Amino acid sequence: MLETFKNAWRIKELRNKILFTILIIAIFRIGSVIPVPYIDVAALKAASDSGTTNEFFSYLSILTGGGLEYGAIFAMSVTPYINSSIIIQLLCVAIPALERLSKEGEEGQKKLATITRYATVILALIQGTAYFFYLKGNGYLSVSGGAVVFAAFVIILAFTAGSALVMWLGEQIDVKGIGNGISILLFAGILSRGPQAFRAMLAYWQVGKQVAVVGIMVLFLIVIGFIVWMTNAERRIPIQYAKRVVGNKMYGGQNTHIPIKVNMSGVMPIIFASSILMLPTMILGFMSKTESSLYKALSLFSVRGVFYAVVYFILIIGFAYFYATIQFNPVEMANNLRKNGGAVPGIRPGKPTSDFISKILSRITLMGAIFLSVIAILPIIIGSVGGINISLGGTSVLIMVGVALDTVQNLESQMMMRHYKGFLD
């Protein structure tokens with residue numbers, strides 16, 4: 001990885017892209033610590049440091065790089081865009097008009113991107129409103145009385161505008177920088193929590209939990225290696241094309257393969273499952289502690305609870321299969337192979353081929369889903385057994401490793417393209 005960045009830095013064009021990406025990240029981090037007016041930042045930060053904020057707040061704080069703790073302009077970071085992207089992807093399956101747009105090539109993707117932008121602003125407005133009421137309900141505003149109405153307008157508008165600006169910054173990285181812009185900003189936000197995680201581990205070390213801290217560090221390195229291995233793992237289905245003669249030339253007769261990634265859905269099943277399970281926790285944040293049946297039922301979804309871990313595990317597996325179904329159509333693939341004279345050795349074309357691909361896809365998806373589920377609930381298990389709260393959980397590590405690998409692959413592909421261009425010139 002370091003060698004790839006070193007080689008890319010020697011190329012002026014790639015060096016400029018890297019510097020531009022770093023500049024956007026710096027702007028993003030500055031916006032993540034500039035507070036919005038009318039928020040009592042000191043009280044909010046003190047509550048976050050003492051751990052008195054609810055679990056939903058703590059979860060979002062990790063994804064936003066601590067912007068929520070400062071009541072910053074970029075407090076919601078890329079979460080509205082991620083949620084809107086997931087919603088649009090799901091609607092592409094349910095709504096025929098959006099499904100047609102997704103299959104219309106570049107123009108269709110541009111229209112879907114525009115719809116996603118509008119959806120991002122709407123979600124940012126909703127999340128900004130919910131965040132304002134959270135601040136107001138917990139006494140984190142610096143104004144009271146009639147001034148609260150004007151403060152609400154300013155705070156909600158600032159949060160919405162900040163989310164729109166973060167989306168624009170991510171798109172600028174897509175055009176002029178390196179890698180996927182939104183993923184890079186999400187990576188930067190999670191990585192910024194590193195010093196806080198280090199201080200937490202140091203505090204545990206000082207109170208006599210040295211064995212637990214060493215064990216977590218070793219396990220952390222093992223998990224990173226396992227994630228890298230699973231991210232690059234794939235099942236290759238062999239394909240053989242029949243020979244055919246057209247005029248005086250012979251075509252086909254090639255042996256190739258169809259690669260199916262073990263973790264083809266990436267971290268999306270975890271993010272979507274987390275978003276659903278955090279809704280009860282968010283509702284609890286607006287409720288006073290009572291003995292009502294609703295409060296007791298919602299309390300079951302505590303992040304450190306067994307019930308939460310079991311439901312989380314099942315939801316991740318379900319969404320992994322759902323995303324695999326969206327991204328991979330065995331029937332369509334079998335038809336394309338038959339039209340182009342391709343076949344899986346030993347399998348008849350048509351339905352037998354689609355059944356064979358479906359069978360392999362189901363097994364591979366199960367392996368990838370179990371991998372995601374284990375990584376996601378591992379911090380919960382460690383926290384329950386070792387009594388240590390890990391701020392950088394399995395989801396965060398999975399995102400960071402995935403983004404790092406994608407960025408390195410992007411750099412390598414751009415360097416290769418440049419070499420080919422020079423050869424052709």
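Just so it is clear, the structure is predicted and the values come from calculations on it, not from any experiment.
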Least distance between heavy atoms, Ala151 atom then Phe132 atom: C-CE1, 4.4 Å
Minimum heavy-atom distance Ala324-Leu361, with the two atoms named: O-CD2, 4.4 Å
Between CD1 on residue Ile347 and CG on residue Leu337, distance to nearest 0.5 Å: 12.0 Å
Non-hydrogen atoms of Val166 and Ile182 that approach each other most closely: O-CD1, 4.4 Å
Heavy-atom side-chain proximity of Phe322 to Thr365 below 4.5 angstrom: no
Nearest atoms (heavy-atom pairs only) where Lys176 meets Lys17: O-CG, 3.5 Å
Chi angles and distances behind the side-chain contact (heavy atoms from CB on, under 4.5 Å) call for Lys12, Asn16: CA-CA 6 Å; Lys12 182 179 179 181; Asn16 291 338; 3.9 Å; yes
Validation row: Ile39, Leu135 side chains within 4.5 angstrom (heavy atoms): yes
Reported CD1-to-OG distance for the pair Ile27 and Ser32, which is rounded to 0.5 angstrom: 11.5 Å
Donor-acceptor contact present, side-chain Tyr321 to main-chain Ser362, <3.5 Å: yes
Heavy-atom check, side chain of Thr407 versus side chain of Thr21, under 4.5 Å: no
Validation row: Pro352, Phe356 side chains within 4.5 angstrom (heavy atoms): no
Ile178 CD1 to Leu411 CG distance, which is reported to the nearest 0.5 Å: 4.5 Å
Working for side-chain contact (heavy atoms from CB on, under 4.5 Å), residues Tyr118 and Ser84: CA-CA 9 Å; Tyr118 286 122; Ser84 65; over 6 Å; no
Trp229 atom CH2, over 12 foreign heavy atoms within 6.0 Å: no
Worked verdict on Asp40 versus Leu141 for side-chain contact (heavy atoms from CB on, under 4.5 Å): CA-CA 5 Å; Asp40 189 347; Leu141 298 182; over 6 Å; no
Plane angle bin for Tyr131 and Phe159 - parallel if under 30°, tilted between 30 and 60°, otherwise perpendicular: tilted
Donor-acceptor under 3.5 Å (Ser192 side chain, Gly189 main chain): yes
Leu169 side chain near Ile173 side chain, heavy-atom distance below 4.5 Å: no
Ile115 and its side chain to side chain contact (heavy atoms under 4.5 Å, CB included) partner, picked from Leu98, Ile87, Thr120: Leu98
Residue pair Met230 / Asn263, side-chain heavy-atom distance below 4.5 Å: no
Phe371 CZ to Phe226 CZ distance, which is reported to the nearest 0.5 Å: 6.0 Å
Leu165 and Trp168, any side-chain heavy atoms less than 4.5 Å apart: yes
Worked check of side-chain contact (heavy atoms from CB on, under 4.5 Å) between Arg338 and Asn335: CA-CA 5 Å; Arg338 183 167 58 180; Asn335 291 335; 3.6 Å; yes
Inter-residue atom distance Arg236.CZ - Ile258.CD1, 0.5 Å rounding: 12.5 Å
Gap between atom CD1 of Ile239 and atom CE of Met333 - 0.5 Å precision: 8.5 Å
Closest non-hydrogen atom pair, Pro35 against Val33: CD-O, 3.3 Å
Other residues, nucleotides, ligands: >12 heavy atoms within 6.0 Å of Lys136 NZ: no
Flag side-chain contact, heavy atom, 4.5 Å: Arg235 against Arg363: no
Member of Val311, Ile317, Val310 meeting the side chain to side chain contact (heavy atoms under 4.5 Å, CB included) criterion with Ile314: Val310
Shortest non-hydrogen separation from Ala43 to Tyr140 and the atoms involved: O-CE2, 3.9 Å
